[in-house]
Each structure stands twice: as structure tokens, then as C-alpha cells.
Amino acid sequence: MSELIMSLTWGTLYYATPLTLAAMGGVLSEKAGVVNIALEGFILSGAFAGVCAADVTSKYGVIISGLVGILAAIMIGAVLGFLHAFLTQKTRMDHVVSGLGINLLASGATQYLYLHEYPQGLSVTGIPRWMFLVAALVLPFAVQLLLVRTHWGLKLRAVGESREGASMAGVSALPVRFAAVTLSGVLAALGGAYLSLADDHNFSTDVSAGKGYIALAAVIFGKWNPLGAAGGALFFGFFYALQTELQIRHISAHFLGISWTNSFLLDMLPYIMTIVALTSVIGKAVPPADLGKEEATD
Amino acid sequence: MTTHTSRPAIRMSNITRTFPGVVANSSVNLSVAAGSFHAVIGENGAGKSTLLNILFGKYQPDSGTIEIDGDDVTGKLHQPADSIRRGVGLVSQHYSLIPALSILDNLMLGSKSTTPVLSPRAATARAKSLLGDLGIAGIDLRSRAGALSIAAQQKVEIVKALYRDARILLLDEPTAALAPQEADALFQLLAKLKSRGTTIVFVTHKLREVMENSDTVTVLRNGKNAGDFITGATNTDELLAAMLGSRGTLQGTVDSIPVQSENPVPILELQSLCVQNARGVQVVRDIDLLVKRGEIVGIAGVDGSGQNELAEAIVGTLRAASGRILMAGSQMTMQSVAERMRRGIAYIPADRHRSAIVPSFNIAETYLLGHETDRNWGGGAVINWTTAHKRAGEMLQKYDVRGSSRGSVVRLGSLSGGNQQKVIAARALESAPQIIVACQPTRGLDVAATKFIHDALRKAAHEGLGVLLFSLDLDEIFEMSDRIAVMYNGAIAGVLARGEATVARVGLLMTGGMA
């Protein structure tokens, strides 16, 4: 039994790691007023760019290739994050449309490049998981401090609540939002790098499998608070871990007349819990007031 | 301390600013001596706010020059931050504190800093010393800005400007939403600031405030200068003439004697009505009120005293938590909005952009809303557009809606505020109502459109309808009402007959005092 608890605990932490990284990106972006369903695309692109770069540089040794992989993920995340900021803030595209576009682009591009460049598949040495785990444990506190204790964090919260009010206080929203959304791309892409470099050591199409959306759900679940969002990530991570344990151990569970041992049903568990969690919390959650609002025209 | 020096703190010359289709400022000049209290007055749409916003860097002028403290800053004010840095602070008409943030956060936001880390302790000390200096009590720096009353928010806005070392304080219609006593307190505060050398520019259309407080006055009319005056050397009539120009006579023709009701049959009766808002907070408490046929009942009160919720409960968009609403003696408490409309409730909502119009609808479509099944308006299972447009065309004539050269196919969004309001008023008045619930029906309208709406409401009362008039504008309440009910904190603080109501008594009731 204690062995089951141990493996559930570690499983929860490991599953929560990419969710937490992406969720912190989500908090930064949404607190600044930019809806970010593009997290999914950031994760997928980060996963692919990381593993690609690590593969190309694998001849230089494990450490170099790992670092280059991380760096590549950071860069693609920054580029896509900047793109999302540009589309929503400069061209004033609807935030959801922009995010959807980035997700479709990421999905199509990674699939094409992967199948085209690696028809035989690929495998890398990668990076130990604990490194990401440490980052995921520290990051929520760092983001919380950033938001509450720094001038930049105050500006970020202000432009998310009221772009107009912030401007009247002498703070322009654009630089803050660009930085926040770019950073969100970086963090979510790191979550993706975890999936490919630390978890799987390879890439498979659609490896993100909705984790960006679940990270966003964790943000809402945590009421846009970094620590709350991390809690949400742990909550959803637990159900991923539970689902895996149940499948591995062939633990049969009959509930509501359904045999929940069926692996298809078990696969759904984290997603079902997402819906359950959101419907029970969403009525009470108050998003930043200017979230997703279009820039006022003079 | 300096009070009057001739050195101008502000000199704006030949400022022109156009918006699509509107020239808001046309070669406007404004010169304000350092340390003086300068009033800028004019009707709605005269360009006062635009001028202030240009000085604050929110809008950029198309042409013209700006000097602050003798420095040429033309073309250097790209955003409010640029003006703030030069010592200009603005208390805008739409309060700009961020409601979700604490007052302290609002003060610290965008203030000068040398380190990236916030220092709340130092900020608290500085804020407290400012508050103490100005004699402002009872403000908890940790509470959310959104939880403050309008008057308190305004004080915080002033403190916010001073927190950034503002030497020039701009105020845009700061007394619009204040009770008379709160306004007096504001002027005392401003006088204190002036005595310390702060230059004050004050935008208003209330002449009494100008005469009592200002040193100098600039009058704007239709986006142009209409005269500069020294307050001590002018009078209300002269200022009014400058404000209204050739239409100066219009003010005198306003019929300020309300029609007295002779037929006191109750049409609307509220019994112990309580209403909760969306968050479950009780915002209307135990209201008993009677509106009789042929009577205009004015509801006065400081903004946010429960007026909106009371109106919505009567119209049916909010459900009463308890109590009863009777229409012509029979229950209406649980009926839907549509049923209430059928029984004769007509509604002119306070926020016309949010609740009264669909900007992309044309005039005929606007009239059909709420009359979708009424054949007289072209409604029914299949819409008769010929009838709808014909009827809408008649309405345009009857209610003198201008700016619709193409008739009833013009989109509502392209009409001016005054004309939009006429369309809404027409829809309410022409639906054969028993009672009209009019909320802020003349907010943002010019003198002529205001008079039109007032006349229409008086006429309705004269024809035996009941009128319930919610307004934040005490002048309007006094001009229109047969009886005045004052709301404070969700309850009726008192009902005064026209004869016994004075500004002082109503003002006292508005702020929770006993009259």
C-alpha cells in the first residue's frame, strides 16, 4: 500500500510538472489581460524544438545537447509568445482566435516536420526529470513574489484589470503585456521540453495531448493566483497519476455500473476531473477585469 | 506660499483636435496662472474634457502649442506618463482607480522608483502623511479601491496625483456624482491645496461652483473659446450667455413649474421591497413608495445608493427578494419583464449603450425590439418591414430625431447621444404605458435635447401617466419632481413634497443625515 502511495505521489509530481510550468505562463499572461489558450501550442512547439535541438547536438555530449534543447524550447516559446502578443495587442485579433491559430500552426508544423525529418522516429538522452521538478516547485512562489512584491508585477496586475486606469496612472499596457505573454510562451514551452526531453526522450505527434488547456483550467481553478494554479496542476496531475497506476496494476473498479478498468475510460479521467473541477469553481472565480477585452479605440 | 503670480503654469495656444466627424477643439487657447483656481465651463460637447485630456497626454492635438511652467512641451505629451512626469495630475470624470487593487497599490502604480521591488512600508508612510496633511480621515489603504464610495475614490484620486508630486491638478466635472455636502468638502480640500501653491483647473457646467470657488474662468462653446473672465468681475448671467451663445434665451423658457397632479390614483405601489444584487448583497431595503397618476416622483441619491437595482426590480430585470410590487392595485412582483411591459411599464435605462440600444440595429429594428408581436409596429410572426419603417419614420418626425437624413434605415450607433435618447424615449412613450421608469434620461445630453426629454416626460404626466424619475442631477430632480424620494444606502431616507424640499435638506438625506 505504501508503495502505491509513493508511486502515486511521485507520479502526481511528475505529471504536475509540465502543467505547473505552463500554468505559470497562463497566470502571467491572463493576469496581464491576455487570454492564453495558445499554451497548448507553446507546449507542443517547445517539446518538438527541444528534442530536435538535442538530437542535432547529441554528438557534443549529454550536457551540451540538453542545454541546447532547453535553449531551443525557450526560444521557440518566446517567438510564439511574442506572436500571440503581437496578434492580440497590435492587430487586435480576438485572443481566442489568435490562440487557436497558434495551436493549429504548432500542431500542423510539428507533425509535418517530425514525419518529414524523422521518419524512423528519434531518441535522445535528455535531461533528468528532477531538474524540471525543482523548477516547477520554485516557480509558483517566484511568480507570486513577482506579482505582489515588484513594480513590474503591480503594473502587470494593473493592465490586466484596467488598461485605461493603468494608462491614467502613467503605465502603458503594451510593453507589459508583450513581456508577460512572451514569458508565458517561454514557460509553457519549457513544460513541453519536459515532455519530450525528460519524460519521453523522444517526440510523438500531439504529445501535448491537451495539457495546455488543462494548465489553463488549473489557472482558473486557482483563481488566477500562482499558488492556487500550482495547486490546480497538482490536482489534475494526481488524476493522471491515478489513471496510470490503475492501468498498470489492473485494479478493477466498478462504479455506476461501469468497469472503470477499461483503459479508454481511464484515459478520460483527468479530463473528466477538469470539467468537474471547473464547473464547481467557475461560478466563484473572478477573472482579471480587462481579460480578453479589445483595446478601446479613441 | 505663492498664490497669485502672473507666470502661467499652463499655456495652450490654438489647440485643434478632431475626432471622426467632430471637431472637439478648434483653435482653443487656455492660459492658467500658477497657483490660481481656474474654471473651464461649457455645455456638454463644448470640448472641455478633450482640452483637459490633451493637457494630460491622453489625446494628442492635431495642431497648436502647449507650455507647462514655461517649457514648450508641444509634441512631447504622447501619453499620460509624460504629463505626470511634468507635474500634471488629472482626476477624470470616469474615476480611474483600478477597483480590484488596493488603494496602496493604486498609489504605488506607476510612481517613480529606483528599485524594481515595491516598498509598501515607505509608500504607506508617505500616503499617510499626505492624507494627514490634507485632513482626510477614514481611508484604509489596504482596502480595495472598488469598495470606496464615489466621494472617497475622488479624494484618493487627488492623493494619487499629489503622491506623484503634481503641481497642476486637473479635475473633470468632479462634483457630478457628489451630494452637495460632499462637494463642499471637496472645495475645502481644493482651497487648502491652492493655499499651498497648487494650480487647479476645474471643469464643470455648474455656474454656482464657478462663482464661489474660482479666480478665473474660460468659457468654451462648440469647441471654441467663448470668453475669458475674472470671476470677481463677472456674474452668472454673463457666463451663461457666453456658454449658450445665441441660444442663451433657451434657458429662460424652460418651464420650471411642474404640473401638479389632480387625480391621485395610485398606479405603482412598492411595499417593503427588498432586492439583492448578483452577489447576494441586499442593495435595496424595505422600500415603500407610491406613484400616482399624473405625478412625477423624483428619486435622488448619491450614485450607487441602490437606484439602479430599484429600477431594475420595478422593470423586472432583477427579482425582488421580498416585498410586493403592485401595478394599479394588482400584484406584479413575480411577473416577467414582458408581462410587465404589456401591463404598461415603460423603461428608459440609465446606461443606454449597455441596456437600451443595439448600435448596429437601424431605427425601425430598434422600435421593433419589445414590440416584436405588435402589428402596429410591423411585428408578428412575419415582420412587416413596410409598416415598421413607416411607423419608425413617423416617430422620427414626432420626436424630432436629427442626423438621420436617410430616415429609419440609419443605424442607431451613428446617431448622436441626444438623438439616440430621443429614439429610446419615443419607444418608451409610444408603447401606451401606464408608468414610465426613467433613469438618468438626460445624462450627457445638451440643453436642447434635455429640454425635449423633460417636456416629453411632463406631457406624459399631464396625460395621466405616472413617472418615476431616477437622476443623479439634483437640478433635474428639483425641476421635474412633484415629490422627491431620497435614497441612501438602499433605503428611502425620506420623501419630501415639492414645497418642503430644499437642496440642503435633500443633500443631508443623500448623505445619511436626518432632515
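Chain letters run A, B, ... following the sequence lines, proteins first and then strands; every chain starts at 1. No hydrogens, no waters, no symmetry mates; every other heavy atom, side chains included, goes into these values.
- Annotation for A:Arg149: atom CZ does not count as buried by contact number, only 12 or fewer foreign heavy atoms lying within 6.0 Å.
- The residue among B:Leu97, B:Asp105, B:Leu101 with the most heavy atom pairs within less than 4.5 Å of chain A is B:Asp105.
- Taking the six-membered ring where the residue is Trp, A:Phe178 and A:Phe82 present tilted rings, their angle falling between 30° and 60°.
- With a 4.5 Å cut-off on non-hydrogen atoms, A:Ala169 touches chain B through its backbone and its side chain both.
- Residue contact with chain A, scored on non-hydrogen atoms closer than 4.5 Å, is absent for B:Ser119.
- Only the side chain of A:Ser172 has a heavy atom closer than 4.5 Å to any heavy atom of chain B.
- Inter-residue side-chain proximity for A:Val186 and A:Phe42 is flagged as unmet; no heavy-atom pair is nearer than 4.5 Å.
- The cationic group of B:Arg17 lies under 6.0 Å from the six-membered ring centre of B:Tyr59 and within 45° of the ring axis, placing it in a cation-pi geometry.
- Side chain of B:Asn25 to main chain of B:Val28: no donor-acceptor pair is present (N/O by atom type, distance under 3.5 Å, no hydrogens or angles).
- Side-chain contact between A:Thr20 and A:Leu139: absent, with no pair of heavy atoms (C-beta onward) separated by less than 4.5 Å.
- Under a 3.5 Å cut-off, the side chain of B:Gln60 and the backbone N or O of B:Ile54 do not form any donor-acceptor pair.
- Counting only distance, with no hydrogens or angles, the side chain of A:Asp290 and the backbone of A:Arg163 share a donor-acceptor pair below 3.5 Å.
- Contacts between residues 75-85 of chain B and chain A, defined by a heavy-atom separation under 4.5 Å, are made by B:Gln79, B:Pro80, B:Ala81, B:Ile84.
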